[in-house]
Amino acid sequence: MTGKTLYDKIWDAHRVAEDANGETILYIDLHLIHEVTTPQAFAGLRAAGRPVRRPDRTLAVADHNVPTINQAAGTGAVADEEARLQLQTLERNVAEAGIEFFPMGDVRNGIVHVVGPEQGRSQPGMTIVCGDSHTSTHGAFGALAHGIGTSEVEHVLATQTLRQRKAKNMRVWFDGEPAPGVGAKDFALALIGLIGTGGGTGSVIEYAGPAIEALSMEGRMTLCNMTIEAGAKAGLIASDAKTFDYMRGRPAAPKSAAWEAAMTYWSSLHSDPDAVFDREIRIDTAALSPLVTWGTSPEDVVPVSGHVPDPADAPNAARATQIQRALDYMGLTGGQPISEARIDRVFIGSCTNSRIEDLRAAADVARGRKVAAHVSAMVVPGSGLVRDQAEAEGLDQILIAAGFDWREPGCSMCLGMNPDKLVPGERCASTSNRNFEGRQGPGGRTHLMSPAMAAAAAIAGHMIDMRDLPPVDGVA
Amino acid sequence: MKPFTRLDARAAPLDIANVDTDQIIPARYLKTVERTGLGKGLFAAMRYEADGSPKPDFVLNQSDYASAGVLIAGDNFGCGSSREHAPWALLDFGIRCVISTSFADIFYNNCFNNGLLPIVLPEDEVRSLMDEARGGNHVFSIDLEAKTVTLPSGRIVNFNLDAGRQEKLVKGLDAIGETLQHVSSIDDFEAQRRLTQPWVAA
């Protein structure tokens with residue numbers, strides 16, 4: 001008998017029952033919820049007279065709809081009537097069900113995928129779901145974590161289980177030592193560029209290899225976060241000493257004897273040496289350079305020193321049409337250097353890149369420099385606690401001095417749903433996860449990249465390898 | 001959930017790959033606490049000019065397809081966000097079946113919880129369906145129990161769907177009600193968990 005993968009082990013540990021229709025009823029350890037994908041679920045429960053089974057295994061935040069200024073004024077002051085109603089509906093639903101909730105303005109509030117790990121709620125070996133596709137983030141802890149729809153949110157609230165079919169096992173092995181300035185965001189973009197946005201469909205991806213072991217927990221979260229952009233069900237990384245160091249002492253992490261018992265169990269959660277994966281991919285990180293996207297799909301990846309593809313070079317007519325459509329939308333010409341495109345806006349934030357290391361990377365580039373005169377740049381910390389930490393380190397002052405707008409936490413300009421959005425035709429260097437048409441606002445043009453690269457684009461006014469920025473005066 | 005057995009409806013070709021859920025329903029339409037009324041935001045960017053008037057070249061704005069109940073789309077339909085508002089918007093518009101070579105996982109699952117039938121067919125078959133949908137008569141007949149699509153030309157195309165998912169749609173099953181029949185197994189699992197992983201199940 002062959003060994004088991006990490007995914008197999010977590011799956012087996014959560015099987016409650018097999019249903020006649022081929023579905024497994026899988027136990028859910030942690031259910032994260034937010035205001036956008038839950039109102040209809042709570043309404044469904046109410047209509048059917050069903051209670052929330054495990055409010056204690058559920059955690060709520062307000063993130064997608066919140067403005068990123070004046071949060072202390074409370075939900076009642078949110079100007080958008082529909083957003084306000086949705087936020088107030090969440091407040092009412094969680095109060096009725098007795099679910100822990102960090103409301104807008106609470107220092108613990110923030111983007112759901114920043115808050116779960118920060119509070120120690122996301123733990124190795126768990127099954128974690130949320131009505132948000134970027135739930136794959138929590139896979140960085142060696143958990144099976146994925147997004148679900150609102151009907152499934154209702155199902156988890158009512159039963160603390162989910163009906164699932166087992167996915168395939170895929171492993172992506174990251175070799176080598178990346179050059180300075182190349183990190184987790186580039187790993188993610190490189191993978192998506194290689195296998196495409198449908199490349200992981202039907203699979204759970206395990207990330208492994210020396211370059212993964214070398215990544216910080218926050219880098220691992222960035223990589224796992226973007227797994228959904230490769231179409232995979234979930235991405236995960238076996239827990240190790242870095243995982244335990246990150247978790248130790250967090251509010252919801254196990255304490256004393258329970259911590260020891262938990263660590264023993266967590267340490268057993270890794271793929272067996274003889275485990276067989278349905279598909280294996282190897283990426284040499286030493287060969288990577290800083291990457292950006294040029295088009296309207298996260299698979300449209302190019303090195304920042306590279307050129308936008310020319311439809312004339314496409315392998316077939318269908319791909320040529322696809323490239324031309326993306327070029328037209330993005331206002332680019334086939335074959336032009338990507339660095340020629342002038343940037344109007346910069347967004348540093350989102351569940352992909354709004355943690356303290358991301359803000360440090362941006363501040364390192366911004367220190368002693370100025371945002372280009374024609375660029376409007378904003379930095380949106382992932383949570384109130386990240387914001388406080390950044391301020392304690394003086395990162396806010398570095399960024400403000402450089403001309404960045406320092407905001408309050410939330411999903412902000414990642415998704416064009418709250419007041420932070422692009423106007424038609426604006427071009428944005430963004431640390432978020434999706435460059436879809438209209439994602440950051442109707443007609444907005446998004447280029448995805450790492451926080452350091454976005455900060456460098458803000459300074460230069462166009463996309464640039466941050467290693468090519470002119471040195472700061474007075475700094476050797 | 002409304003059972004799905006047969007559908008006789010006009011089919012509209014949308015020959016674009018990687019149609020993501022932001023294209024199906026942009027986030028600004030998600031600020032609702034209802035499941036209904038989302039049809040107005042369906043494919044908003046492709047469907048409307050900036051002033052809100054319909055774009056005449058978009059397929060669902062053409063008189064032949066304005067009442068479409070079937071959509072035939074390019075590869076990897078429904079990628080991106082988990083928003084169930086995507087199937088809700090399609091259904092609210094009147095589309096009850098989407099045909100493609102492949103679907104993103106979360107969107108695919110969401111369909112079955114809402115009585116929307118996603119049909120996967122090989123690429124050459126999807127191409128020929130698009131051609132038939134572009135012809136003079138666009139009415140397709142879908143029989144879920146037989147797992148067939150009858151085209152305007154009279155040709156019958158078979159599709160695969162596993163029995164569990166088929167039953168879910170045909171019977172319009174309430175998944176929560178089905179799962180709650182296993183409630184004693186859930187109780188047992190939690191009791192066991194309190195012993196083996198007290199830090200999780202406390």
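Throughout, a chain's letter reflects where its sequence line sits, starting with A, and its residues are numbered from 1. Note that the structure is predicted; figures quoted are calculated from it, not measured.
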Q: In terms of heavy-atom pairs under 4.5 Å, which option from B:Thr196, B:Thr32, B:Ile16 contacts chain A the most?
A: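 Highest number of heavy-atom pairs under 4.5 Å: B:Thr32.
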Q: Are any non-hydrogen side-chain atoms of B:Leu7 and B:Phe140 less than 4.5 angstrom apart?
A: no
Q: Under a 4.0 Å N-O cut-off, is there an ion pair linking B:Lys40 with B:Asp92?
A: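 Here B:Lys40 does not pair with B:Asp92 in a salt bridge, since their nearest N and O are not under 4.0 Å apart.
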Q: So which of A:Thr321, A:Ile148, A:Leu85, A:Thr135 has the biggest tally of heavy-atom pairs under 4.5 Å with chain B?
A: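 Among the listed options, the one with the most contacts to chain B is A:Ile148.
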Q: Grab the two heavy atoms, one from A:Pro124 and one from A:Met247, that are nearest each other, plus how far apart they are.
A: CD-SD, 3.5 Å
Q: Out of B:Val183, B:Asp188, B:Asp174, return the one with the most heavy atom pairs under 4.5 angstrom to chain A.
A: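 So the answer, after comparing B:Val183, B:Asp188, B:Asp174, is B:Asp174.
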Q: For the pair A:Asp56 and A:Arg54, find out whether any cationic side-chain nitrogen is under 4.0 Å from an anionic carboxylate oxygen.
A: yes
Q: Salt bridge between A:Glu154 and B:Arg35, side-chain N to carboxylate O under 4.0 Å?
A: yes
Q: May I ask you to check whether B:Thr179 and A:Arg163 show a side-chain donor-acceptor distance below 3.5 Å?
A: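 Distance-only check passes for B:Thr179 and A:Arg163.
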Q: Answer yes or no for B:Arg165 and B:Phe112: cation-pi contact, defined as NZ/CZ to six-membered ring centre under 6.0 Å and angle to ring axis within 45°.
A: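 Yes, a cation-pi geometry holds between B:Arg165 and B:Phe112.
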Q: Please classify the contact of B:Glu34 with chain A as side chain, backbone, both or neither, using a heavy-atom distance under 4.5 Å.
A: backbone
Q: Based on non-hydrogen pairs under 4.5 Å, which of A:Val153, A:Thr38, A:Val36 is most in contact with chain B?
A: A:Val36
Q: Determine which residues belonging to residues 61-86 of chain B lie within contact range of chain A, meaning some heavy atom pair is under 4.5 Å apart, and list them by number or answer 'none'.
A: B:Asn76, B:Cys79, B:Gly80, B:Ser81, B:Ser82, B:Arg83, B:Glu84, B:His85
Q: Given that the side chain runs from C-beta out, which part of A:Ala48 has a heavy atom under 4.5 Å from chain B: side chain, backbone, both or neither?
A: neither
Q: Do any of residues 93-109 of chain B have a heavy atom less than 4.5 Å from a heavy atom of chain A, and if so, which, in residue order?
A: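 Contacts with chain A: B:Phe103, B:Asp105, B:Ile106, B:Asn109.
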Q: Is the shortest side-chain N to carboxylate O distance from B:Asp15 to B:Arg127 below 4.0 Å?
A: yes
Q: Most heavy-atom pairs under 4.5 angstrom with chain A, which of B:Asn114, B:Asp22, B:Leu180?
A: B:Asp22
Q: Do B:His182 and B:Phe189 touch side chain to side chain, with heavy atoms closer than 4.5 Å?
A: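 Not touching, per the 4.5 Å side-chain cut-off.
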Q: Picking from A:Ala17, A:Gly198, A:Ala262, which has the most non-hydrogen pairs under 4.5 angstrom with chain B?
A: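 Most pairs with chain B among the choices: A:Ala262.
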Q: Apply the test salt bridge (Lys or Arg N to Asp or Glu O under 4.0 Å) to residues B:Lys31 and A:Glu35: give CA-CA distance (whole Å), side-chain angles for both, the deciding distance (0.1 Å), then the verdict.
A: CA-CA 9 Å; B:Lys31 290 183 283 191; A:Glu35 76 276 19; over 6 Å; no
Q: So which heavy atom on B:Met1 is nearest to which on B:Lys168, and how close?
A: CE-O, 3.5 Å
Q: Looking at A:Val112 and A:Asp63, what are the two nearest heavy atoms and their distance?
A: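 Closest heavy-atom pair between A:Val112 and A:Asp63: N-OD2, 2.9 Å.
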Q: Return the minimal non-hydrogen interatomic distance between B:Asn113 and B:Ala175, and the atom names on each side.
A: OD1-CB, 4.5 Å
Q: Flag the one option from A:Gln123, A:Arg53, A:Glu152, A:Glu23 with the top tally of heavy-atom pairs under 4.5 Å to chain B.
A: A:Arg53
Q: Contact part of A:Gln40 toward chain B, heavy-atom cut-off under 4.5 Å: side chain, backbone, both or neither?
A: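 Its backbone and side chain both get close to chain B.
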Q: Taking 4.0 angstrom as the limit, do A:Glu437 and A:Arg325 come out as a salt bridge?
A: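 Salt bridge present between A:Glu437 and A:Arg325.
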Q: Please determine, among B:Glu178, B:Gln166, B:Gln192, the option with the most heavy-atom pairs under 4.5 Å with chain A.
A: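 Most heavy-atom pairs within the cutoff with chain A belong to B:Glu178.
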Q: Counting heavy-atom pairs under 4.5 Å to chain B, which of A:Thr197, A:Thr89, A:Thr37 comes out on top?
A: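 Of the options given, most contacts go to A:Thr197.
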Q: Quick one: which of B:Gly177, B:Ala44, B:Ala17, B:Ala27 has the most heavy-atom pairs under 4.5 Å with chain A, could you say?
A: B:Ala27
Q: Can a donor-acceptor pair be found between the side chains of A:Gln164 and A:Thr24 at a distance below 3.5 Å?
A: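 Absent: no donor and acceptor within the cut-off.
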Q: Is it true that A:Asp29 and A:Arg57 have a side-chain N and a carboxylate O under 4.0 angstrom from each other?
A: no
